[in-house]
Protein chains: 2
Amino acid sequence: MVTRERPTLEAVARRAGVSRATVSRVVNGSTTVATAIREAVHQAVEELGYVPNQAARSLVTQRTESIALILPESASRVFSDDMFFPAVIRGVSTELEAADKQLVLMMAGSAASHDRVERYAMAGHVDGVMFASMHGADPLPGALARLGIPVVCSGRPLTPSEAAVPYVDVDHFGGVTTAVEHLLTSGRRRVATIAGPQDMVAGIDRLNGYRATVDRAGMGTLIAVGDFTRESGVRAMGELLSTDPTLDAVFVASDMMAHGALQTLRRAGRRVPEDVAVIGFDDVEISRLSDPPLTTVRQPIVEMGGTMARLMLGLVRGRSDATSAVVLPTELVVRASA
Amino acid sequence: MVTRERPTLEAVARRAGVSRATVSRVVNGSTTVATAIREAVHQAVEELGYVPNQAARSLVTQRTESIALILPESASRVFSDDMFFPAVIRGVSTELEAADKQLVLMMAGSAASHDRVERYAMAGHVDGVMFASMHGADPLPGALARLGIPVVCSGRPLTPSEAAVPYVDVDHFGGVTTAVEHLLTSGRRRVATIAGPQDMVAGIDRLNGYRATVDRAGMGTLIAVGDFTRESGVRAMGELLSTDPTLDAVFVASDMMAHGALQTLRRAGRRVPEDVAVIGFDDVEISRLSDPPLTTVRQPIVEMGGTMARLMLGLVRGRSDATSAVVLPTELVVRASA
DNA sequence: ATGAAAGCGCTAACAC
DNA sequence: GTGTTAGCGCTTTCAT
């Protein structure tokens, strides 16, 4: 393995018979360079296989041309079956690629890795940090923002507002409202819900949407709480049935939990949608294939990632709309389960 | 957003009343510093919130403490349902985390992003590059290796050997052999295969294993080629059935394709395993849940990622066993389909 | 339009 | 043990 020395600006300059400054100008696309010289430089670059040293460049420009996306989960959770993070990543990476920025993906499931992320960002490794779907009130986004590092979150941060960071989220509340109203207008009288974890915005907002809509209709609430997993859906549905066997509809805060609920209903001998109508949330792929196919609320995850990336690019370029928020619309997808 | 200046070594040195060199020593954990001074420095670091500038550090050390993992696929493919890449990432990230190296994940599905990866690595952004499961004979690993950048591949590279890079792979050949022999010894007389894409090592090796084993048993081969997706499995199984309706067993080169094959067999009125035995490869999660549960070959993907990361760490530390190869064992998991 | 020169913040010899 | 000093490779005024 021949560790051939990498050529430097200096080497290119010598070869082209010009100064380092000129080479730098050419490499960075300055227009104020004579065409003949520019070509000579380009040729020298080619012949030597010159590639600028990013560390040296960053040292003076204070920029790295790369942006971090923090996934505050362990690797196993990030790549679980709900495809949420993959979709976010897709949206982000498409957008950053177009801007020629490098995406640095970081998993921060543990406290230790959480620290590492902080150090990494503070060491100037990246020009900005995006967070995907945080748990609880994570202080990190605010902390980084306070240090002057551009930060954007996907999912409204639960942090006390002192250091408000820009974010993009989907309209959980509106989606749930539509879903529950769909159940009510189709004649359901006893609409329960299986809520998500109450330390996440998605869990909180969806439960609030349910409460508000059921209240407005003058109906009583019936609530069980899960953690967005299929297993928790199985269990929560069991609880609901034993609390009130007369329920005739359930709004479930995630499709994975809804699948669990379907299983419990089947085992309890309830027909869907004849006896009990079910609506989920997320529109994950398998919801089309479940039995029966799931009526659900679709949220534009890929677009959310793209929007987050665009916000970030704006911040990095200094067009800081400081604290802005974007909320993307959700949509009820009606299938056989309700 | 107050872009508070980041404190430098110099600032810490002044505050602690020592030289920059001493601060550097303390920060880097040198033992040759008097305890009193070390504590004074630590305190100054604390008070100022000092974090070393990575660009400056890299410029002189020529190291970045981060390592890239290249996924030569688009984001959508990387996070598709077969969970292959997620498992690799899990193995890699666990290992790197233990070594306190930062993992930089890069998707390189398009030609353009392929270029960007090359520039990124050559710009000294990372200390080493790992490749996960390449298509065809990608010249990039060899090219980077020739430039003196440590490279490790998961999946034996298909590149002509001139620039042999170290790699880790699973024992496709052995796994397939065991699978096909299982079919033969259980009395199957006409064993077909659905092969994977022939521009990938996994596709090639698994087909070779099938050929060799069937040949050795003096049986004839029967081959259809897919691309590892479920849909291609559906189609390929159809082809096989129409080519030879008397087949009584299929070795399918991936579980996803095997699921497709099961569907086609069901529709064709063939019972599994009574009429046709089916064995897949990969042991993806849903294979346990399919109808019937799939007999398959398990490959240790997470471990492969971990091993790859360990090889890389060795190279980066200069313990270059230069060109080494590791092949991990596979294992037949017998369920109801064969 | 081009070159000279001054750092960016840090580490690593080398002196003391 | 600790301080002094010389760069790492690049961009960017400031002259010319």
Side-chain angles (χ1 to χ4, degrees), chain A residues 3-42 44-45 48-66 119-120 122-125 127 147-148, chain B residues 3-42 44-45 48-66 119-120 122-125 127 147-148:
Chain A
T3 307
R4 195 172 66 189
E5 313 249 303
R6 296 254 229 308
T8 68
L9 249 201
E10 177 73 43
V12 177
R14 265 202 311 272
R15 175 146 198 145
V18 297
S19 73
R20 297 200 323 254
T22 301
V23 177
S24 176
R25 287 188 190 104
V26 172
V27 168
N28 291 292
S30 164
T31 49
T32 70
V33 179
T35 322
I37 293 199
R38 184 175 23 239
E39 277 171 9
V41 170
H42 273 138
V45 164
L48 265 40
Y50 169 75
V51 178
N53 177 317
Q54 185 57 46
R57 190 176 257 180
S58 293
L59 186 55
V60 40
T61 60
Q62 309 280 23
R63 277 176 294 101
T64 65
E65 306 300 327
S66 52
R119 278 179 6 236
Y120 193 79
M122 305 226 332
H125 244 305
D127 298 339
L147 287 166
Chain B
T3 307
R4 196 172 64 189
E5 312 250 304
R6 295 254 230 307
T8 68
L9 249 200
E10 178 72 44
V12 177
R14 264 202 312 273
R15 175 146 198 145
V18 297
S19 73
R20 296 198 328 255
T22 301
V23 177
S24 175
R25 287 188 190 104
V26 172
V27 168
N28 292 290
S30 163
T31 49
T32 70
V33 178
T35 322
I37 293 199
R38 182 174 26 238
E39 277 172 7
V41 170
H42 273 139
V45 164
L48 264 41
Y50 169 74
V51 179
N53 177 316
Q54 186 57 45
R57 191 177 255 179
S58 293
L59 186 56
V60 37
T61 60
Q62 310 280 24
R63 277 175 293 102
T64 65
E65 306 301 328
S66 52
R119 280 180 3 240
Y120 193 79
M122 305 228 330
H125 244 305
D127 298 339
L147 286 166

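What you see is a predicted model, and the numbers here were worked out from it, not measured in a lab. The sequence lines fix the lettering, A, B, ..., with proteins before strands; numbering per chain opens at 1.
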Within the 4.0 Å heavy-atom criterion, would you say A:Ala34 contacts the bases, only the backbone, or no part of the nucleic acid?
sugar-phosphate
To the nearest 0.5 Å, what is the distance between [atom1] ([X]) and [atom2] ([Y])?
X	Y	atom1	atom2	answer
B:Met122	B:Leu147	CE	CG	5.0 Å
A:Leu48	A:Leu9	CG	CG	11.0 Å
B:Leu59	A:Gln54	CG	CD	11.5 Å

By side-chain hydrogen bond (donor to acceptor under 3.5 Å, both in side chains), which residues pair with [X], not counting sequence neighbours?
X	answer
A:Arg14	none
B:Asp127	B:Thr64
A:Arg63	A:Glu65
B:Thr35	none

Give the first and the last nucleotide of DNA chain D, reading 5' to 3', that has any atom under 4.0 Å from a heavy atom of chain B.
D:dG1 to D:dG9
Here the residues of residues 50-60 of chain B within 4.0 Å heavy-atom distance, strictly under, of DNA chain D are B:Leu59, B:Val60
If you assign each of A:Arg20 and B:Val18 to its closest nucleotide in DNA chain D, which residue comes earlier from the 5' end?
B:Val18
For B:Arg20, does its backbone N or O pair with a side-chain atom of B:Ser24 as donor and acceptor, under 3.5 Å?
no
Checking the side chain of A:Asn28 only, and the main-chain atoms of A:Ser30 only, is there a donor and an acceptor separated by less than 3.5 Å?
no
For B:Val18, which residues count as a side chain to side chain contact (heavy atoms under 4.5 Å, CB included) partner, sequence neighbours excluded?
B:Ala16, B:Thr22, B:Val23, B:Ile37, B:Val41
Not counting sequence neighbours, which residues clear side chain to side chain contact (heavy atoms under 4.5 Å, CB included) with B:Ala40? List them please.
none
Kindly state each residue pair satisfying salt bridge (Lys or Arg N to Asp or Glu O under 4.0 Å) with at least one member in residues 21-40 of chain B, sequence neighbours excluded.
none
Pull out every residue in residues 23-32 of chain B that has a heavy atom closer than 4.0 Å to any atom of DNA chain C, ordered by number, or say none.
B:Ser24, B:Arg25, B:Asn28
Compare every heavy atom of [Y] with every heavy atom of [X], then report the nearest pair and how far apart it is.
X	Y	result
A:Ser66	A:His125	OG-O, 3.6 Å
B:Tyr50	B:Thr8	CE1-C, 3.6 Å
A:Ala55	B:Ser58	CB-CB, 3.8 Å

Of all nucleotides in DNA chain C with an atom under 4.0 Å from a non-hydrogen atom of chain A, which is the first and which the last going 5' to 3'?
C:dA1 to C:dG9
Bend angle of the helix from C:dA1-D:dT16 to C:dC16-D:dG1, from helix axes over five pairs at each end, nearest 10°:
30°
